[in-house]
Amino acid sequence: MRVLCAFPEDMPSSNSRPPSCLAPVALYLALLLHLSLSSQAGDRRPLPVDRAPGLKEKTLILLDVSTKNPVRTVNENFLSLQLDPSIIHDGWLDFLSSKRLVTLARGLSPAFLRFGGKRTDFLHFQNLRNPAKSRGGPGPDYYLKNYEDDIVRSDVALDKQKGCKIAQHPDIMLELQREKAAQMHLVLLKEQFSNTYSNLILTARSLDKLYNFADCSGLHLIFALNALRRNPNNSWNSSSALSLLKYSASKKYNISWELGNEPNNYRTMHGRAVNGSQLGKDYIQLKSLLQPIRIYSRASLYGPNIGRPRKNVIALLDGFMKVAGSTVDAVTWQHCYIDGRVVKVMDFLKTRLLDTLSDQIRKIQKVVNTYTPGKKIWLEGVVTTSAGGTNNLSDSYAAGFLWLNTLGMLANQGIDVVIRHSFFDHGFNHLVDQNFNPLPDYWLSLLYKRLIGPKVLAVHVAGLQRKPRPGRVIRDKLRIYAHCTNHHNHNYVRGSITLFIINLHRSRKKIKLAGTLRDKLVHQYLLQPYGQEGLKSKSVQLNGQPLVMVDDGTLPELKPRPLRAGRTLVIPPVTMGFYVVKNVNALACRYR
C-alpha cells in the first residue's frame, strides 16, 4: 500500500511544524504496529495506559490508634464458653474430668461456663444414689454394665491440683464412648429437626462432675434452669429448681443462674407460650428463691436469653424488661449467622453476613436502655451455623472469620460478654472435637485470650475506604480492631497495644503504622490454614508452624515473629492475625 503526499511549493524550515499529511502516516504506522503485536501467540496483555499526572494508586494503608482513653471496657471474662445439656444424653459429661479437656479449658480461662441450650427446658434434677442404673440409651453391654465403675476407678488415680479430680481415661473407654455418641447424635439431630425433645435427667453425681470441670478449669459456672415446668395458671413450677439449689448450696458450689432458653420458641417446642411479663414474674420468683439461701443470696442472675430480635422477640423483651429489668445483672440474647443445612465455604467470607450482627445489637440496646440505661448486655450462645453446624465447614479455618469479627464488633459496640456455643461436643460448632483435639476456632480463641485485654481503642485509617456511589454501601473486606494488650501477659509491658486484622481480599494488603505506633517493634501472630484443604482445613499454622498439643498433653508455646521497627505490615490474602505493638506507652493501657 502506498501513501502519497503532495508538498507545497514553499517548503517550511526544519523548525516548523511537520506537514499536515504526516498525521495520517503516523496513525497508519501506529495501527500497523498494534495489529502486529496483538497477533503474537499467547500475548493478551492490554497496552499500558498512562496515568494522569498527580493521580497515584493507593496501595498503602496508614493506621493509627487513639491511646489516651479507651472507647469501651468489656468484662475480663469477655470471651466465655458454653456446654450444651446434650452431653448428658450422649454420655460425654462423664469424660469432663479428662486431663486433656481440662487443659484446653484452662487455656481459655478466666471465663464463664454457661450450661444451657435447647434442652435446658427439658432438664430435670434428681438426687439419685446410683445414676448408672437410671441411665438409658444404646451402647455395648460392657459399656452399660461397667461404665460407672470404670469412671470411678479413673477418678481414684487423681492428679490432684487444687483438689481437682483429673483423670486419664483408657483408650478403650474413649472409643466405646465415641461409638455411643455417634448413635446418640442421630437421635439428637432427629429431635432438633422435629423440634420435639425428650426429657433429660441431671443427677447429683452429674452435677458434681460438671462443677468439678468448671472449677478445675478456672471457669465460673452459669446454670440455666428449666423454665418450662409450668403450673396450671402458667406460672413457673420451681420444685425441681429448688431441689437443685439446695443440693448445690449443701456442696457450697459457687454458681450464677439463668431461667430458660429462647423463651420466644416455647409455643413451637411445648405448645404453651410464655409472654415477657410472665417471664419477668418468673425471674422475680427465682430471685426470691435465691435470697434465703445464704450462699446464693447475692448470686448473679442473667436473662432472658431470647433468640434473634425479630418483632415478636422484641415485644417479649420489652415486656420482660418492664417487669424484671432491674432483677437481672445482665440482659442476654442469642445469635446464629447461617442456616447450617445450606452453608457454603464462601459464605464465611461475605461482608454482608459479617455485618448482620450490628443491627441486632442496636435493636437490643434500644429496648434495654429504655428501661435500665447502662445495663450490661451479653450475647449468649453465639454460633456460626444453625442445625448443629456443618462438618468440614463450621469446624474449619473459614469459620474463624465470622468468629474473630464477632469478637471485634461486639467489644466495639459495648457488649460486655460473648459466650461461644459450644466448647465441646455439640454438633460441629464446637472448639474441641471428640478426640479432644483443638479446632481452628480454639486456637483463634486462645490467641485472643493471651493477647487481648478488656480495653477497646479507637482505630484511625487512611486509604482504606473507597468513595461510595449513590445508593451503595461500602462493606470493608479489611477489618482492623485494637485493644490494650492483656496485662496478664508478662511478655509485654503495660502500655502495649494489640491489633487484630481480618483480610478478606484476594490480594495482600500493606499497612503502615503511623502516629503513636510509628517506628515501634511489632510481634506478629499470623494464623493460616495448614494442609491441602485450604479454607476447609481443621488444622492451622502460626507464623508458618503447625499448632498441635504437646505430647505430654500441654498447650504449645505461642511464638511470635518479631518484625523490624518501622516495617510495613503485609497482610496475606484471606487470612487473620494479631499484631502486638510493643512499648507504645499508651496512657489508656498503663493502668487497669
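When a residue number appears, it is its place in the shown sequence, counting from 1.
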Kindly assign one of parallel, tilted or perpendicular to the pair F213 and F423, based on the angle between their ring planes and the thresholds 30° and 60°.
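The arrangement is tilted - the two ring planes meet at 30° to 60°.
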
In terms of the angle between their ring planes, are H523 and Y492 parallel, tilted or perpendicular, with boundaries placed at 30° and 60°?
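Perpendicular.
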
Output all residues satisfying side chain to side chain contact (heavy atoms under 4.5 Å, CB included) with Q365, sequence neighbours left out; order by chain, then residue number.
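Side chain to side chain contact (heavy atoms under 4.5 Å, CB included) check on Q365 returns I361, N369, I377, I415.
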
Please enumerate all residues that pass side chain to side chain contact (heavy atoms under 4.5 Å, CB included) together with E76, with sequence neighbours excluded.
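Result, side chain to side chain contact (heavy atoms under 4.5 Å, CB included) vs E76: P454, H487, H488, R592.
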
Contact list for residues 393-416, test ring pair (Phe, Tyr, Trp, His ring centres under 6.0 Å), sequence neighbours left out
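As it turns out, the ring pair (Phe, Tyr, Trp, His ring centres under 6.0 Å) pairs with a partner in residues 393-416, which skip direct neighbours, are Y397-F401.
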
Which pairs with one or both residues in residues 403-414 pass salt bridge (charged side-chain N to carboxylate O under 4.0 Å, His left out), sequence neighbours excluded?
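Counting only pairs at least two positions apart or across chains, no salt bridge (charged side-chain N to carboxylate O under 4.0 Å, His left out) contact touches residues 403-414.
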
Sequence neighbours left out, what pairs pass salt bridge (charged side-chain N to carboxylate O under 4.0 Å, His left out) with at least one residue falling in residues 532-550?
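Qualifying pairs, neighbours excluded: D395-K538.
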
H483-Y481 aromatic ring centre distance below 6.0 Å
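No, the ring of H483 stays outside the 6.0 Å limit from the ring of Y481, centre to centre.
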
Donor + acceptor pair across side chains of [X], [Y] (<3.5 Å):
{"X": "T485", "Y": "T498", "value": "yes"}
{"X": "Q334", "Y": "N305", "value": "yes"}
{"X": "R450", "Y": "N491", "value": "no"}
{"X": "Q177", "Y": "D90", "value": "no"}
{"X": "N435", "Y": "R100", "value": "no"}
{"X": "S358", "Y": "R362", "value": "yes"}
{"X": "Q434", "Y": "D425", "value": "yes"}

Short question: side chain of [X], backbone of [Y] - any donor-acceptor pair under 3.5 Å?
{"X": "T120", "Y": "G117", "result": "yes"}
{"X": "S217", "Y": "L219", "result": "no"}
{"X": "N543", "Y": "L526", "result": "yes"}

Could you pull out all residues at least two apart from [X] that satisfy salt bridge (charged side-chain N to carboxylate O under 4.0 Å, His left out)?
{"X": "D519", "answer": "none"}
{"X": "K376", "answer": "none"}
{"X": "E175", "answer": "R178"}

Between D347 and K350, is there a salt bridge with N-O shorter than 4.0 Å?
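D347 and K350: salt-bridged.
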
Show me the side-chain donor-acceptor pairs of residues 572-585 shorter than 3.5 Å, one per line, residues at least two apart or across chains.
from	atom 1	to	atom 2	distance (Å)
T575	OG1	P572	O	2.7

For [X] and [Y], which heavy atoms make the closest approach, and how far apart are they?
{"X": "N77", "Y": "S80", "value": "O-OG, 2.6 Å"}
{"X": "K512", "Y": "G566", "value": "NZ-O, 2.7 Å"}
{"X": "P440", "Y": "V540", "value": "CB-CG1, 3.7 Å"}
{"X": "Y337", "Y": "T406", "value": "OH-OG1, 2.5 Å"}
{"X": "L354", "Y": "N405", "value": "O-ND2, 3.4 Å"}
{"X": "L379", "Y": "L357", "value": "CD2-CD1, 4.2 Å"}

Start with the C-alpha distance between F424 and F436, add both sets of side-chain angles, then the distance that settles ring-ring contact (aromatic ring centres under 6.0 Å, His included), and finish with yes or no.
CA-CA 8 Å; F424 171 70; F436 300 162; 5.6 Å; yes

Any side-chain heavy-atom pair of I88 and F115 under 4.5 Å:
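Answer yes - side chains close enough.
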
Side chain proximity check, L63 to L569, heavy atoms < 4.5 angstrom
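They are not in side-chain contact.
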
Picking from N412, V71, I497, what satisfies side chain to side chain contact (heavy atoms under 4.5 Å, CB included) with L457?
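For L457, the side chain to side chain contact (heavy atoms under 4.5 Å, CB included) test succeeds with only one of N412, V71, I497, which is I497.
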
Is the number of heavy atoms from other residues, nucleotides or ligands within 6.0 Å of CZ (R508) greater than 12?
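Open: at most 12 neighbouring heavy atoms sit under 6.0 Å from CZ of R508.
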
D552, CG: over 12 other non-hydrogen atoms inside 6.0 angstrom
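Result for CG/D552: enclosed.
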
With [X], which residues qualify under ring pair (Phe, Tyr, Trp, His ring centres under 6.0 Å), at least two apart?
{"X": "Y525", "result": "none"}
{"X": "Y530", "result": "none"}
{"X": "Y442", "result": "none"}

